[in-house]
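First the structure, in the form of structure tokens, and then the observations on it.
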Amino acid sequence: MTGDENGWALALGPGGPVGTAWLIGLAAGLREAGLEPAGAGLVVGTSAGAIAGAAITTGRDLAALAELPPPSEPPAPVDGSVMARVFEVGGTPGLEPGEARRRIGRLALDAAAQPAERHHASMLYLIGTDTWPDTRLLVTGVDAVSGEPALWDASSGVPLSLAVAASSAAPGFCEPIPIGGRRYMDGAFAGWSDAELAEGAGPLVVVEPMPGMRGGGGDVRIVPDERALEAFGPNLGDRSRWAPVYLEGLRQAPEAAERISAAVGARR
């Protein structure tokens with residue numbers, strides 16, 4: 001069903017809850033098309049991509065995530081202005097990357113946002129397990145105080161759902177996640193390149209819900225098409241769009257499967 005064992009790498013990028021739905025729908029559709037995304041020898045997950053990557057590689061029933069269950073608690077406070085300030089910091093000319101991450105970390109630490117434990121519980125629901133997969137999975141994050149990039153895998157001694165929660169803790173939307181006495185935030189700001197993390201792993205397939213956020217690259221690059229972007233809407237944190245966006249990922253999957261198979265030599 002897949003190409004040569006350990007013969008290709010899959011990198012999944014950030015995109016908030018809406019982007020997560022698209023990634024999971026796309027992965028479900030790839031499975032339906034006969035291409036198992038967990039067949040990659042290496043999966044790199046960042047933010048939304050960390051959620052999807054963990055669900056894919058641990059064998060989660062992705063069709064069970066076509067819709068989210070009704071919330072059991074009132075919505076957590078969200079300050080969308082924080083992310084606007086984050087992008088202002090990131091776009092400051094000449095600002096050293098480490099200092100930019102530290103400034104973003106201060107914004108994340110000071111923001112009123114969803115409690116860390118609540119976000120962690122949501123990630124555990126989406127993934128369905130805390131056992132790291134046999135497939136090599138890398139999850140990115142950022143120390144919110146030091147600004148140092150973080151990278152977790154099965155050897156890190158960190159529960160899978162906790163690493164994923166940290167990687168997807170967007171400033172203003174979720175408090176930074178405590179791990180080992182440190183506080184970690186969204187891996188989208190870590191500065192790792194997909195090519196750097198996947199070096200030596202074979203052809204690289206990059207799947208980006210937010211195609212304009214990072215530099216692109218990869219032997220194959222899959223992004224939302226115009227119809228999918230319309231379903232995304234203007235707010236990537238809008239969980240009410242989860243179900244229709246999941247279906248857009250599912251719709252795009254057959255073409256994506258053809259492109260990936262051609263690049264990595266997958267047997268379908």
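Given the structure is predicted, the values throughout are model-derived calculations rather than measurements. Residue numbers start at 1 and run along the sequence shown. Only heavy atoms go into these numbers, but all of them, side chains included; no hydrogens, no water, no symmetry mates.
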Same hydrophobic cluster for [X] and [Y], using side-chain heavy-atom links shorter than 4.5 Å among ILVMFWY?
X	Y	answer
Leu162	Val145	no
Leu124	Val139	no
Val44	Leu151	yes

Of all the heavy-atom pairs spanning [X] and [Y], show the shortest one and how long it is.
X	Y	answer
Ala228	Gln252	CB-OE1, 3.4 Å
Ala201	Leu42	CB-CD2, 4.0 Å
Pro224	Pro209	CG-O, 3.4 Å
Tyr246	Leu65	CD1-O, 3.9 Å
Ala198	Leu204	CB-CD1, 3.9 Å
Asp186	Pro171	CB-CD, 4.3 Å

### Query
Do any pairs count as a ring-ring contact (aromatic ring centres under 6.0 Å, His included) and have a residue in residues 80-130, sequence neighbours left out, and if so which ones?
none
### Task
Sort and list the pairs that fulfil ring-ring contact (aromatic ring centres under 6.0 Å, His included) and have at least one residue in residues 138-172, not counting sequence neighbours.
Trp152-Tyr184
### Message
Which residues pass the side chain to side chain contact (heavy atoms under 4.5 Å, CB included) test with Arg102, not counting sequence neighbours?
### Response
Glu96, Glu99, Arg106
#### Entry: With Arg118 via salt bridge (Lys or Arg N to Asp or Glu O under 4.0 Å) - residues at least two apart
Glu73
#### Entry: Contacts of Arg182 that satisfy salt bridge (Lys or Arg N to Asp or Glu O under 4.0 Å) - sequence neighbours left out
Asp143
### Query
Got more than 12 heavy atoms from elsewhere within 6.0 Å of CG, Asp134?
no
### Message
Would you say that Val43 contacts Ile56 through its side chain, given a criterion of any heavy-atom pair below 4.5 Å between the two side chains?
### Response
no
### Query
Quick one: do Glu248 and Arg251 make a salt bridge, cutoff under 4.0 Å?
yes
### Task
Can you run down the side-chain hydrogen bond (donor to acceptor under 3.5 Å, both in side chains) pairs that involve residues 53-71, sequence neighbours left out, and say none if there aren't any?
none
